[in-house]
Amino acid sequence: MNATQSLPPDVGWEPIPTGAHAAAVAPRPGRSFWQDVWYRFRQKKLALGGGACLLLIAVLAIAGPSLTGYSYSAQQSSLANVPPWLALAKLPQSDDLFYINPHLKVIEVTPDGRLVRQVTQTGDDMVNKRMSFDLDGATLYLDYSAQPPALLDPDGQRVPATSHHWNTSYLLGTDALGRDILTRTLYGCRISLAVAVVAALVNMVIGIVYGGVSGYAGGMIDVSLMRVVDIISTIPLTLYVILIKVVLGSGGFLSIVIALSSVYWVDMARVVRGQALSLKGQEFVLAARTIGAGPGAILKRHIVPNAMGPILVTATMLIPSAIFIEAFLSFIGIGIAPPMASLGTMCNDALTTLRASPYQLLIPAAAICVIMFAFNFVGDGLRDALDPKLRQRP
Amino acid sequence: MTAPMPLLAVEALTKHFPSGTRDKPVRALDGVTFTVRRGETFGLVGESGCGKSTCARTIIRLYQPTDGRIRLDGTDITSLSQRQLRPFRRRMQMIFQDPYASLNARMTVRDIVAEPLAVHESALPKAEVTERVELALSQVGLSREHLLRYAHEFSGGQRQRIGIARALILHPELILCDEPISALDVSIQAQIVNLLRQLQEDLDLTYVFIAHDLSMVRYMADRVGVMYLGQLVEVADAPALYSHPLHPYTQGLLASVPVPDPAADLVARPPAIEGDVPSPIDPPSGCRFRTRCPLARPICGEASPALTDTGDGHEVACHLYGGPGQSPDHPSTTTTSDHQNHLGGNPT
């Protein structure tokens with residue numbers, strides 16, 4: 001007390017209240033490893049964005065298709081090839097607007113963008129390049145002698161499609177068979193995410209266990225296990241999918257899942273084996289052995305956690321590539337079978353109408369890109385977050 | 001004489017490693033025999049690559065011995081399976097050289113120190129585990145604040161303390177210290193060595209203390225074994241070894257220790273050992289040291305000298321002291337002891 005009184009009054013120091021001392025000495029609760037990982041992961045905005053994006057896609061893919069009101073396979077051929085952004089023509093004889101699709105079908109659209117119906121075609125005067133339609137008893141003409149095709153008003157004047165509106169019936173438009181692209185894209189995301197889950201599981205379970213056992217056991221076990229990996233990895237995945245498809249008789253998604261789960265772990269097994277080989281000579285592994293820990297415990301407690309960085313780096317490369325493999329196989333026609341929607345089959349379907357309806361390709365392609373980018377960002381963030389050597393106490 | 005049973009008896013321990021390209025094995029350890037009495041510190045010294053660490057790792061059965069016997073408290077543990085070994089592993093633990101590599105960077109201090117409990121006493125309730133860990137940490141001078149930190153947040157000396165706590169938690173009788181101080185700063189070395197001595201006193205531990213720092217071994221050890229190229233060349237009580245080294249290699253080794261007093265350096269010293277250690281794949285015939293020995297004779301190339309007792313438990317493997325008719329005519333005993341007095345007795 002004497003000391004505090006002898007301080008000059010405006011020195012800026014204050015005596016600490018007696019209770020505060022105990023609080024300062026009490027051990028700060030340490031953070032667990034995963035709390036730490038989460039703390040560092042949060043610092044990475046890009047990774048967080050990727051994670052949020054994946055979460056959103058996952059929720060949409062799971063819940064979405066039941067909310068759109070359409071099934072992935074229901075066809076509405078009268079409303080085929082309608083894009084999400086409509087260029088509409090306003091005619092004096094009707095309150096509604098009209099959209100001319102690339103196949104010269106005229107579709108009646110309400111002013112708020114809802115598709116009503118396809119107007120019935122009654123004739124086609126090929127000499128004058130003029131089609132006639134029946135609109136509630138009146139006749140409507142479509143002139144396609146000049147580009148773009150346009151409807152004619154009662155005076156025979158071309159009515160340009162000047163007003164624009166979003167397609168509120170089919171938010172992302174319809175494909176060539178009149179199926180809702182939004183629903184099909186969400187189904188495609190579902191398949192992509194399912195493939196990602198399968199690839200991750202296969203890598204994380206079979207790849208890690210196989211590689212870990214091979215590397216840690218060493219010797220003849222290692223040599224024989226790795227020769228199996230060599231044999232598997234020399235045969236291309238495409239071939240496996242085709243063979244499995246032949247064996248199953250049908251297949252589609254199932255054959256891709258079986259092919260992925262039977263062979264897609266070899267890269268991970270190699271990475272984990274290399275890590276196990278280098279880690280098993282480290283002193284902390286020797287220490288565990290002198291303690292008497294068994295091989296299983298050493299793999300679980302020491303080798304796999306210390307190899308987590310390379311494992312995640314590999315996984316973040318393998319998961320997007322599995323998604324891409326599925327899309328590719330579906331694109332070339334040996335993956336998901338129609339009418340199931342995969343992003344790959346959707347891209348393929350869109351090719352035939354690419355010039356007239358590019359949105360049919362762009363939407364599933366964009367979905368693939370977003371999913372793959374999101375996985376990559378999350379993977380990068382995880383890798384940085386998992387390295388405790390970067391750990392700094394705030 | 002009915003000596004009490006030694007805690008550790010190593011008999012003709014041999015470990016050969018496959019040498020890759022050649023058919024001949026690497027003779028890392030070739031017929032090492034010594035005993036460690038309960039409660040003592042047995043120092044093991046020698047140059048890098050002479051097989052000290054291999055010896056420790058073979059004793060604790062990280063390596064399967066090629067030949068020989070390891071007896072722990074009378075029980076032969078040489079050929080026990082890893083499962084059968086587990087009760088014996090509780091009784092002997094190891095402290096490693098590199099405090100940075102010997103702790104798992106992914107585990108908290110609590111988990112590192114508790115790992116032996118997880119293996120041997122997995123049924124222990126969590127609270128008791130924490131209690132035991134805290135006790136072990138307090139024994140090595142760390143507090144419970146450190147429980148949930150990771151190893152990389154500590155200095156080298158603190159990490160080595162964690163490694164010691166891990167070795168202590170099962171209450172072992174024998175601790176193999178594989179160069180526990182050579183990776184540390186000199187000031188920290190003294191702390192760790194004093195900690196080890198304190199623990200030995202408090203917990204009645206027996207040490208096998210491996211080092212290449214001769215003055216540190218002199219401070220720590222009750223008896224010292226000198227290794228050369230996979231073999232023991234001399235075993236003696238520490239004071240006897242340092243004052244009257246018999247084997248030419250031991251003499252050379254002691255002569256190579258830098259002396260803090262420059263004036264002492266001017267006093268005649270036995271010539272330092274020249275040349276390099278021969279390859280353990282192809283060791284010299286007879287006495288392995290003869291290629292570098294200033295006193296080598298023809299017999300040294302013909303027969304391998306056995307470790308023989310010259311009196312008072314001072315054993316040496318050298319033809320100079322071999323036959324009973326041969327008097328130890330070695331010239332340098334007095335000169336070495338002269339300058340050996342300068343060697344550090346107390347590193348603190």
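Order of the sequence lines fixes the chain letters, A, B, ..., with proteins taken first and strands second; residue numbering starts at 1 for each chain. For the numbers below, each heavy atom of this structure counts, side chains included, while hydrogens, waters and symmetry mates do not.
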Under 4.0 Å between a side-chain nitrogen and a carboxylate oxygen: does that hold for Arg166(B) and Asp111(B)? no

If you apply the rule side-chain hydrogen bond (donor to acceptor under 3.5 Å, both in side chains), what do you find for Gln93(B) with Thr290(A), and how did you get there? CA-CA 7 Å; Gln93(B) 291 286 309; Thr290(A) 64; 4.9 Å; no

Contacting moiety of Ala297(A), where chain B heavy atoms sit under 4.5 Å: neither

Begin with the C-alpha distance, continue with both residues' side-chain angles, and end with the deciding distance and a verdict on side-chain hydrogen bond (donor to acceptor under 3.5 Å, both in side chains) for Ser53(B) and Gln97(B). CA-CA 9 Å; Ser53(B) 291; Gln97(B) 173 175 8; 5.1 Å; no

Counting only heavy atoms from other residues, nucleotides and ligands, does the tally under 6.0 Å from CG of Leu201(A) exceed 12? yes

Can you confirm whether or not the ring centre of Phe34(B) sits under 6.0 Å from the ring centre of Phe42(B)? yes

Does anything in residues 59-92 of chain B get under 4.5 Å of chain A by heavy atoms, and if so which residues? Ile60(B), Leu62(B), Arg86(B), Arg89(B)

Report which part of His146(B) has an atom under 4.5 Å of a heavy atom belonging to chain A: side chain, backbone, both, or neither. neither

Part of Arg110(B) lying under 4.5 Å from any heavy atom of chain A: neither

Is the shortest distance from a Lys or Arg side-chain nitrogen in Glu47(B) or Lys52(B) to a carboxylate oxygen in the other one below 4.0 Å? no

So do the side chains of His302(A) and Gln282(A) get within less than 4.5 Å of each other, counting heavy atoms only? no

